[in-house]
Amino acid sequence: MKTHLQNLIAQALQPLQREGLLPSAERPVIPLERTRDRTHGDFASTIALALAKTARRKPRELAERIVAALPVSDQVVKVEIAGPGFINFFLTPAAYQAVVGEILERRERFGRSGLGSGQRVQVEFVSANPTGPLHVGHGRGAAFGATVANLLEAIGYQVHREYYVNDAGRQMNILAASLWLRYLEHCGEKFRFPSNGYRGEYVRDIAVQLYIEHGGAYVVSARQIFRDLPQDEIRDGNGDVVTPGDKEAHIDALVERARVLLGEPRYRYLFELGLNTILDDIRDDLQQFGVVYDEWYSERALAESGAVNKTLNRLRDAGYVYEQDGAQWFRSSAFGDEKDRVVERENGQMTYFASDIAYHLEKFERGFDWVIDIWGADHHGYVPRVKAALQALGENPDRLDVLLVQFAILYRHGERAPMSTRSGEFVTLRELRQEVGNDAARFFYVMRKSEQHLDFDLDLAKSQSKDNPVYYIQYAHARVSSVLKQLREKGLPRDEARGQAHLALLSEPHEEALLVALSRYPEIVEIAALDHEPHQLAHYLRELANAFHTYYNEHRVLVDDDALRDARLNLSLATRQVISNGLALLGVSAPEVM
RNA sequence: GCGCCCGUAGCUCAGUUGGAUAGAGUGUUGGCCUCCGAAGCCAAAGGUCGUGGGUUCGAGUCCCGCCGGGCGCGCCA
């Protein structure tokens with residue numbers, strides 16, 4: 001519809017271009033938008049306002065010329081010029097009613113398009129370190145990323161969903177050491193747990209499991225382990241330093257001690273046990289949340305393939321790596337970053353950044369036309385250095401889009417629910433899902449713009465009333481199903497073709513409003529996908545549900561008149577279809593009964 | 001201190017490449033079920049769009065200053 005009108009305007013511009021009033025060289029994009037007020041028609045174009053300057057004519061005058069040159073269309077009933085030079089289009093009822101047929105014919109494919117023309121786009125999201133269960137912050141990234149991926153797929157991109165598994169870094173070693181220490185505690189050893197260790201209860205659970213399966217096979221005396229280690233930094237309950245020390249050096253030395261005392265095979269086993277147990281849990285959690293990946297990409301595999309070294313050598317050969325204070329630095333400041341960054345520490349360990357460079361280069365080498373990373377907003381400072389590295393490697397950094405997701409803050413009974421990662425008392429995604437359900441969680445997470453802080457109202461998410469937008473939308477869907485059930489129970493006939501033949505009967509204002517809402521769906525999907533803004537779809541679905549509830553409240557569907565009843569049934573079923581399609585993109589179920 | 005994000009109704013938030021009279025939900029007040037699901041609908045009230053300038057036919061939207069909030073500024077991830 002929109003492109004149809006744009007074509008009409010484009011045709012109208014041609015004679016003006018021929019007579020030199022407008023430059024004919026380039027074809028301007030035709031601005032056309034939905035009106036906010038129906039007294040201004042259905043669509044409005046500001047083309048006359050935009051071209052007035054170059055044409056050196058008054059906008060209204062130009063608008064008149066354009067309107068005079070518009071070809072006739074059987075879908076347009078009236079064209080008006082208004083205000084400073086808006087061109088308002090009024091569509092015929094038939095033009096709107098046609099959307100019902102389109103929806104009933106295309107079904108779950110309605111709203112999909114080929115706009116992306118099969119271009120390959122990679123969406124990497126969540127990618128939380130497998131050092132503990134996912135918490136509610138990760139949940140937002142999961143819901144957001146999954147929906148962005150769904151949206152892009154819907155408009156014709158070939159989407160590759162990927163989770164980058166940080167299974168090689170220092171944090172994994174710290175997890176292994178933490179696991180070992182909890183195991184030793186379980187075996188009766190006494191010592192102070194390192195301040196930088198993982199304190200979560202889940203570590204204890206794995207440790208207990210280890211003991212059940214292997215008894216005392218991993219026991220080493222605490223005295224032997226902690227002998228001559230760098231002093232840990234010790235704080236009291238208030239967070240004040242009691243004993244100063246270097247907690248990083250302490251934990252690194254502890255890891256090293258574990259390797260030596262246990263020997264590589266036993267250390268390896270601990271490492272794998274921690275990693276696999278937690279990663280399995282994350283996989284399971286996400287899968288239950290309706291988030292599925294095409295690939296779980298291992299950082300360790302990347303490192304073992306030599307890709308990290310190879311990439312650093314390329315940077316070095318290009319002259320962008322130098323040594324200072326015993327460490328290797330990447331000259332990211334040459335590409336707009338605030339300062340240079342360490343890629344290899346003084347102790348010879350690669351930084352995460354080094355792996356990330358290799359990983360992103362590898363993404364590009366895999367041939368994706370477009371790469372999207374979804375990160376927590378606290379990582380925003382990281383964006384310039386990754387782009388700098390890509391540029392230094394001769395890649396176009398614009399092929400990478402980094403989308404930042406702000407934190408979600410949980411509220412219960414109007415109070416902020418506490419979340420502390422350090423103490424291990426955080427609310428996990430799994431707990432959230434169990435409390436409010438997957439549907440509410442998926443919807444609430446994407447209800448707000450991603451760069452906006454999200455206040456997640458747990459009580460609202462659980463409530464079964466119109467206050468809860470999820471139930472409100474699902475209820476509209478269920479209502480239509482309920483009407484169909486009524487139809488069968490009353491033994492009334494239904495004839496879809498007869499309904500299609502009498503769509504003209506859908507002339508009530510509420511019906512027109514519903515038809516308009518339905519016709520907007522493909523536009524919403526497109527804009528939500530291209531702008532990576534799932535909240536637009538969420539808001540739209542609420543509006544659509546509202547249009548239906550309003551209509552439903554005012555008019556009966558199951559009337560005696562066969563033609564009218566069938567037309568209204570078609571309209572209702574089309575509404576149900578669009579709600580179902582939209583909810584599917586959001587990963588929310590569309591129940592027949594509630 | 002520097003960088004990024006945010007500031008719109010009491011509260012939570014939309015606001016389509018800059019467009020016409022700034023919109024929803026919630027809360028408050030008052031209505032609507034002999035009728036397909038009231039898990040719903042309707043109405044009223046509620047605003048110097050943080051603030052001061054600038055750009056132009058036109059600014060919530062773009063630019064600059066200031067105020068307020070969040071995040072980031074490590075050989076941590």
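Within every chain, numbering begins at 1; the chains are lettered A, B, ... in the order of the sequence lines, protein sequences first and strands thereafter.
- Rounding to whole angstrom units, CZ of residue A:R448 and P of B:rU12 are separated by 10 Å.
- Here the P atom of nucleotide B:rC42 and the CZ atom of A:F548 are 14 Å apart, to the nearest Å.
- Protein atom NE2 of A:H555 is 19 Å distant from nucleotide atom P of B:rC35, rounded to whole Å.
- Nucleotides B:rU55 and B:rC4 have their P atoms positioned 24 Å apart, rounded to a whole Å.
- Here A:Y552 counts as stacked on B:rC36: its ring centre is under 5.5 angstrom from the base ring centre and the planes meet at under 30°.
- Side-chain atoms of A:E338 lie closest to B:rG72 of the nucleotides B:rG25, B:rU21, B:rG72.
- Counting non-hydrogen atoms under 4.0 angstrom, A:P31 reaches a base of the nucleic acid.
- Within 4.0 Å of A:N546, counting heavy atoms only, lie sugar-phosphate atoms of the nucleic acid but no base atom.
- The partner of B:rA38 is absent, by the rule that a Watson-Crick or G-U pair needs both atom distances under 3.5 Å.
- Across all strands, A:N347 comes closer than 4.0 Å to no nucleic acid atom at all (heavy-atom distances).
- Across the P atoms, B:rG47 and B:rU8 are found 15 Å apart, a figure rounded to whole Å.
- Residue contacts for A:A476: at a heavy-atom cut-off of 4.0 Å it reaches no nucleic acid atom on any strand shown.
- We find that the ring of A:F86 and the base of B:rG19 do not stack by the test of centres under 5.5 angstrom and planes tilted less than 30°.
- In this entry B:rU17 has no Watson-Crick or G-U wobble partner, no candidate having both defining distances under 3.5 Å.
- When both distances must be under 3.5 Å, the Watson-Crick or G-U wobble mate of B:rA44 is B:rU28.
- Of all nucleotides listed (B:rA20, B:rG25, B:rA38), B:rA38 comes nearest to the side chain of A:R479.
- The pairing partner recorded for B:rC71 is B:rG3, the criterion being a Watson-Crick or G-U wobble arrangement whose two distances lie under 3.5 angstrom.
- A donor-acceptor contact under 3.5 Å is not formed by the side chain of A:E33 with the base of B:rG19.
- A:M172 CE to A:N166 CG: the interatomic distance, rounded to the nearest 0.5 Å, is 9.0 Å.
- Note on A:R34: a base of the nucleic acid sits closer than 4.0 angstrom, heavy atoms only.
- For A:V557, the side-chain atoms get nearest to B:rC36 when compared with the rest of B:rC36, B:rU21, B:rC42.
- In this structure, A:F444 has its ring center under 6.0 Å from that of A:F456.
- For the pair A:R520 CZ and B:rA14 C1', the interatomic distance rounds to 12 Å; values are reported in whole Å.
- Remark: side-chain polar atoms of A:R300 are not paired, donor with acceptor, to backbone N or O of A:A168 under 3.5 angstrom.
- Pairing partner, B:rA59: none, since no Watson-Crick or wobble contact has both distances short of 3.5 Å.
- Comparing A:K490 and A:K339 by the nucleotide of RNA chain B that holds the closest heavy atom to each, the one mapping nearer the 5' end is A:K490.
- Here the two rings, on A:Y552 and A:F548, have centers that are under 6.0 Å apart.
- Checking A:P84 against A:V342, the closest nucleotide of RNA chain B that is more toward the 5' end is the one next to A:P84.
- Formation of a donor-acceptor pair under 3.5 Å by the A:Y198 side chain with backbone atoms of A:A176 is not found in this model.
- For A:Y472, the listed nucleotide lying nearest its side chain is B:rC41; candidates were B:rC41, B:rA20, B:rC6.
- A:S45 places a side-chain N or O within 3.5 Å of a backbone atom of A:P31 that can act as its donor or acceptor partner.
- Residue-level contact check: A:A52 touches neither bases nor backbone, having no heavy atom under 4.0 Å from any strand.
- Closest to the side chain of A:Q452, out of B:rC4, B:rA20, B:rC6, is B:rC6.
- Heavy atoms of A:V593 sit under 4.0 angstrom from at least one base atom.
- A distance of about 22 Å separates the P atoms of B:rG69 and B:rU61, rounded to the whole Å.
- A:E346 comes within contact range of at least one nucleobase, with a heavy-atom separation under 4.0 Å.
- At a threshold of 4.0 angstrom between heavy atoms, the contacts of A:K58 with the nucleic acid are absent.
- The residue A:H549 sits close only to the backbone: its heavy atoms come under 4.0 Å of sugar-phosphate atoms, none of a base.
- Taking the C1' atoms as reference points, B:rG46 lies 28 Å from B:rG58, given to the whole Å.
- Looking only at distances, no side-chain donor or acceptor of A:D232 sits under 3.5 Å from a matching main-chain atom of A:P194.
- The CZ-P distance, from A:R556 to B:rC32, rounds to 20 Å in whole Å.
- Taking atom CG of residue A:L530 and atom C1' of nucleotide B:rU16, one finds them 12 Å apart after rounding to whole Å.
- One finds no side-chain N or O of A:T46 lying less than 4.0 angstrom from the OP1 or OP2 phosphate oxygen of B:rG18.
- Whole-Å rounding puts the A:R38 CZ to B:rA20 P distance at 18 Å.
- The aromatic rings of A:F353 and A:F330 are tilted relative to each other, their planes meeting at an angle between 30° and 60°.
- Comparing B:rC71, B:rU21, B:rC6 by their nearest atom to the side chain of A:D378 picks out B:rC71.
- A:H379 comes within 4.0 angstrom of a nucleotide base, judged by non-hydrogen atoms across all strands.
- Taking the side chain of A:D467 as heavy atoms from C-beta on, and the options B:rC36, B:rG27, B:rA38, the nearest nucleotide is B:rG27.
- Rounded to a whole angstrom, the distance from the C1' atom of B:rC33 to that of B:rC6 is 45 Å.
- If you check every strand for non-hydrogen atoms under 4.0 Å, A:D252 touches nothing.
- Contact annotation: A:K449 reaches the phosphate of B:rG15 (side-chain N/O to OP1 or OP2, under 4.0 Å).
- Once rounded to the nearest 0.5 Å, the distance linking CG of A:D467 with CG of A:D459 reads 11.5 Å.
- Nucleotide B:rU51 forms a Watson-Crick or G-U wobble pair with B:rG65, both donor-acceptor distances falling under 3.5 Å.
- There is no side-chain donor-acceptor pair under 3.5 Å between A:N88 and A:E80.
- Within the nucleic acid shown, A:E451 comes within 4.0 Å of sugar-phosphate atoms alone, with no base atom in reach, counting heavy atoms only.
- Base orientation for B:rC33: syn, the chi torsion being within 90° of 0.
- Nearest to the side-chain atoms of A:H535 among the listed nucleotides B:rA14, B:rC75, B:rU21 stands B:rA14.
- B:rU51 and B:rG7 are spaced 11 Å apart, taking the C1' atom of each and rounding to whole Å.
- A distance of about 11 Å separates the P atoms of B:rC5 and B:rC64, rounded to the whole Å.
- Judged by centroid separation below 5.5 Å and plane tilt below 30°, A:H539 does not stack onto the base of B:rA14.
- Rounding to whole angstrom units, CZ of residue A:R36 and P of B:rU16 are separated by 6 Å.
- The same atom, P, is picked in B:rU17 and in B:rG52; the two are 25 Å apart, to the nearest Å.
- Residue-level contact check: A:H453 touches the backbone only, with heavy atoms under 4.0 Å from sugar-phosphate atoms and none from bases.
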